[in-house]
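Structure record follows, encoded as structure tokens.
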Amino acid sequence: MTSTEPVSFSRGRPRLAVDLAAIASNWRRLCAEAPGVEMAGVVKADGYGLGAAKVAAALEAAGCRTFFVATLDEGLALRRAIPDRPIFVLNGLATGAEAEYSNAGLTPVLSTPSDVERCARLARGHATRLRAAIQLDTGMTRLGLGEAELARASDDLALLDPVLVMSHLASADEPDDPANRAQRERFETMTARWGGVRRSLANSPGVFLGPAWRFDLCRPGIALYGGHPNGQGANPMRAVVTLDAPVLQVHEPHDAVAVGYGGTYAAGPGRRIATVGIGYADGLIRAAGNTAYAMIGETRVPFAGRVSMDLLGLDISALPPGAVRTGTPVRIIGGPDGLDDLARAAGTIAYEVLTRLGPRFERVYRNEPAEESRT
Ligand SMILES: *Cc1c(COP(=O)(O)O)cnc(C)c1O
């Protein structure tokens, strides 16, 4: 996590840079991990906060052929950027909006008896069937048909021929958790009725559980965005996000100081503090106050005091006097471990850090794929 290139800030705003080549490289890395298996791209929540249209275009240029979003609206928005690849809508078939899926060529992932029933009714009314996927609950108790619902929905299910049957792993980031094997075995049993239909179980950490969990198609999200897939060993993924913010003021006190709301950081005499123009209104998790670190050049500087709405204190005493000035760039997220380190310090996960990143940043996309590379 270093900041070597100088950063100039447009209108004093923090800058969020997204490296699209790193996203493509992470996708290829996952493909190499899972030979012979289709690697889709999960771009829900606006591409984990990084811009689904840009992310998906970069993935498509790299060779990705299947995309997943959470909601119908996300699917409709993505359809404009990705005109002719399958887009699956994970949160099911929204009641009353059934026609919008077929009009936009979106594939709902049916998870409830009602989803299945409404989809079957459409199939009865039309010569052509609505393209759909089916999600099974194999032990996470989130979305998906359980064994009993599957049995009850038999007649409706007979009217659908799903393009994909899938389930989701609850504990893939804990490779030794016996729940992984249990879910996989239940998935195999529950999908037996759909011989020949493609199957999908693995998210990012699931890809690394081994070949038995990969089935026909994997659905990575966080690993594409540079998050460590399972926290084991060095992060195999390339960093995607760089977040820099400007120093607004430097305090060079001779006496002891208290920093920020509540004075929760008590710095001894001679400690120096920088105030940085980024806060929780930008999506910087407030719980990172007093626990996370940022980088100024090659130096780690700890967060000092609580994170304010628009401001952050840093203890810059490790840097020589005069090294930090108004306008000095501070790297809040960067490098292979920066995202996960910040998340851990804030008591959360990389997913939440990314999806909270707000609209106040200047957003920069690096290494956009050339137009001709989109096939
Ligand atoms: C979010 C999600 C994914 C992607 O998970 P990651 O852990 O980000 O790789 C895959 N499948 C489903 C059903 C999801 O909800």
Side-chain angles (χ1 to χ4, degrees), residues 23 26-27 29-31 33-34 37-50 52 55-56 59 64 66-72 74-75 78 86-93 106-112 115 132-145 162-175 177 179-180 183-184 187 190-191 198-209 213-232 235-238 240-241 339-340 343 348-357:
I23 292 180
N26 288 338
W27 181 81
R29 171 73 183 76
L30 294 166
C31 292
E33 190 71 28
V37 172
E38 180 177 357
M39 203 51 63
V42 178
V43 295
K44 62 191 179 185
D46 196 25
Y48 288 43
L50 302 184
V55 168
L59 288 171
C64 181
T66 301
F67 299 88
F68 287 82
V69 294
T71 66
L72 171 60
E74 288 177 2
L78 185 64
I87 298 175
F88 290 82
V89 179
L90 289 166
N91 282 9
L93 187 60
L106 302 175
T107 310
V109 179
L110 312 176
S111 289
T112 66
D115 280 348
I134 289 173
Q135 174 148 228
L136 304 171
D137 176 19
T138 54
M140 188 177 186
T141 322
R142 201 173 69 162
L143 284 178
L145 299 162
V163 293
L164 186 75
V165 280
M166 56 171 275
S167 187
H168 193 52
L169 293 164
S171 305
D173 56 337
E174 313 252 0
D177 192 323
N180 294 318
Q183 280 199 270
R184 191 194 79 206
F187 186 59
M190 290 176 81
T191 54
R198 301 175 80 214
R199 295 185 291 177
S200 174
L201 180 61
N203 55 352
S204 302
V207 172
F208 293 88
L209 285 177
W213 277 266
R214 294 183 199 130
F215 294 91
D216 302 295
L217 178 146
C218 295
R219 308 183 310 270
I222 195 69
L224 297 173
Y225 307 101
H228 197 313
N230 57 16
Q232 315 281 310
N235 188 354
M237 313 321 298
R238 250 173 75 182
V240 167
V241 170
L339 176 60
D340 287 291
T348 183
I349 51 177
Y351 304 70
E352 190 181 16
V353 170
L354 288 182
T355 54
R356 290 241 189 148
L357 295 176

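All heavy atoms count here, side chains included; hydrogens, waters and symmetry mates do not. Positions are given from 1, in the same order as the sequence printed here. Remember, it's 1-based here, ligands and their atoms both numbered in the order they're listed.
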Do E33 and M39 pass the side chain to side chain contact (heavy atoms under 4.5 Å, CB included) test, and can you show the C-alpha distance, the side-chain angles, and the key distance before you say yes or no?
CA-CA 10 Å; E33 190 71 28; M39 203 51 63; over 6 Å; no

From CZ (F67) to CD1 (I87), nearest 0.5 Å:
7.5 Å

With heavy-atom distances below 4.5 Å as the criterion, would you say the side chains of L217 and F68 are in contact?
yes

Between atom CD of E74 and atom CG of D46, what is the distance when rounded to the nearest 0.5 Å?
7.5 Å

Please report the closest heavy-atom contact between L143 and S111, naming both atoms and the distance.
CB-OG, 3.7 Å

Any side-chain donor paired with an acceptor under 3.5 Å for S167 and Q183?
no

May I have every N or O pair linking ligand 1 to the protein at under 3.5 Å, one per line with atom names and distance?
{"from": "ligand 1", "atom 1": "7 (O)", "to": "N203", "atom 2": "ND2", "distance (Å)": "3.4"}
{"from": "ligand 1", "atom 1": "7 (O)", "to": "Y351", "atom 2": "OH", "distance (Å)": "2.6"}
{"from": "ligand 1", "atom 1": "8 (O)", "to": "Y48", "atom 2": "OH", "distance (Å)": "2.5"}
{"from": "ligand 1", "atom 1": "8 (O)", "to": "I222", "atom 2": "N", "distance (Å)": "2.8"}
{"from": "ligand 1", "atom 1": "9 (O)", "to": "S204", "atom 2": "N", "distance (Å)": "2.8"}
{"from": "ligand 1", "atom 1": "9 (O)", "to": "S204", "atom 2": "OG", "distance (Å)": "2.5"}
{"from": "ligand 1", "atom 1": "9 (O)", "to": "G221", "atom 2": "N", "distance (Å)": "2.8"}
{"from": "ligand 1", "atom 1": "11 (N)", "to": "H168", "atom 2": "ND1", "distance (Å)": "3.3"}
{"from": "ligand 1", "atom 1": "11 (N)", "to": "R219", "atom 2": "NE", "distance (Å)": "3.0"}
{"from": "ligand 1", "atom 1": "11 (N)", "to": "R219", "atom 2": "NH2", "distance (Å)": "3.2"}
{"from": "ligand 1", "atom 1": "15 (O)", "to": "K44", "atom 2": "NZ", "distance (Å)": "2.7"}
{"from": "ligand 1", "atom 1": "15 (O)", "to": "R142", "atom 2": "NH2", "distance (Å)": "3.0"}

